[in-house]
A.B. asks: 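To start, I am sharing the structure in question, which I have written as structure tokens.
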Amino acid sequence: EIFIADLGDQIEGEALRISQLVRITEGMTKQASNYATFMKQEYKRLAQALPKTKITVIQITDDNHSQLRLYGTGRNEMPENLSLMIGEDIKNMVELAHEFGALTNLNVLTGDEILLSFGGYNVVFAHGHQYKRKEDVLTSVEQRHQNRVHAFVAGHWHQFSVKYKNYTHGGQQALVFLPAVVGDTDFSESLFLSGMPGFAKLSIS
């Protein structure tokens, strides 16, 4: 069984900083469409190559890069988000395939944040832009989900790091920050947080 988590920042969010010109937004839309098309092909290829493996895609549908904003507006002031379009496009493809009896080993979960339990360990997958990068992230996540959380896996900060917190309820709490697909940006460079695009393979035990 495989779980693949796509945690956002799939495209470069030109609408965040540079301008509100229509051509910029069109560029973001094209990026989102290309990304969704590529990932659908990859998920289909993986499901066909591993027919006896259950594959669950965790598609986070809220991030800050893909927000379509008017110039001067802040994070989460407008509900338009291309990561939602990406997630729904991938999910619709899989559901359509299921109607024809194909890709039955592939499923997609979509949401702003997703909590899953692995052998009694609760893991929250989110983009992470709604939290500050500090230890009390887990407290905020537990309050939001009304549940004990052993690990919080996020992608917002573009760099891989793991920070352990408390040993509690039979498990070690951890904050896990993953690289972003979009990789380096002018904004991350300005914050000295430049990072290569990438992914991480996690084992929870």
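On a predicted model such as this, the values are computed, not experimentally measured, just so you know.
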A.B. asks: Below 4.5 Å, heavy atoms only, C-beta onward: do Gln59 and Glu88 meet side chain to side chain?
C.D. replies: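 Result no, sub-4.5 Å side-chain heavy-atom pair not found.
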A.B. asks: Do Ile4 and Tyr43 have side chains that approach each other closer than 4.5 Å (heavy atoms only, starting at C-beta)?
C.D. replies: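 A side-chain contact exists here, since the closest heavy-atom pair is under 4.5 Å.
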A.B. asks: Side-chain contact, heavy-atom cut-off 4.5 Å: Val94 with Val57?
C.D. replies: no
A.B. asks: Heavy atoms, side chains only, cut-off 4.5 Å: are Leu175 and Val162 in contact?
C.D. replies: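 A side-chain contact under 4.5 Å is absent here.
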A.B. asks: Mind checking whether Val176 and Phe152 have side chains closer than 4.5 Å, heavy atoms only?
C.D. replies: no
A.B. asks: Please determine whether a side-chain nitrogen of the Lys or Arg among Arg45 and Glu42 lies less than 4.0 Å from a carboxylate oxygen of the Asp or Glu.
C.D. replies: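 Yes, charged N to carboxylate O under 4.0 Å.
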A.B. asks: Side-chain contact test, heavy atoms from C-beta onward, threshold under 4.5 Å: evaluate it for Gln48 versus Leu103 and give yes or no.
C.D. replies: yes
A.B. asks: Return the minimal non-hydrogen interatomic distance between Ile86 and Ala32, and the atom names on each side.
C.D. replies: CG1-O, 3.7 Å
A.B. asks: Do Leu115 and Gln146 make a side-chain contact, defined as non-hydrogen atoms from C-beta onward lying under 4.5 Å apart?
C.D. replies: no
A.B. asks: Ignoring hydrogens, what is the shortest heavy-atom contact between Glu113 and Val124? Give both atom names and the distance.
C.D. replies: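 Smallest interatomic distance, heavy atoms only, reads OE1-CG1, 3.9 Å.
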A.B. asks: Are Glu95 and Val108 packed together at the side-chain level, in the sense that at least one heavy-atom pair is separated by less than 4.5 angstrom?
C.D. replies: no
A.B. asks: Using the ring centroid of each side chain, check whether Phe118 and Phe3 are separated by less than 6.0 Å.
C.D. replies: yes
A.B. asks: If you group Ile, Leu, Val, Met, Phe, Trp and Tyr by side-chain heavy-atom gaps below 4.5 Å, do Leu116 and Phe199 land in one group?
C.D. replies: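 No, it is not one cluster - the side chains of Leu116 and Phe199 are not joined through contacts under 4.5 Å.
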A.B. asks: What about Leu96 and Met93, same hydrophobic cluster or not, with Ile/Leu/Val/Met/Phe/Trp/Tyr joined at side-chain heavy-atom distances under 4.5 Å?
C.D. replies: no
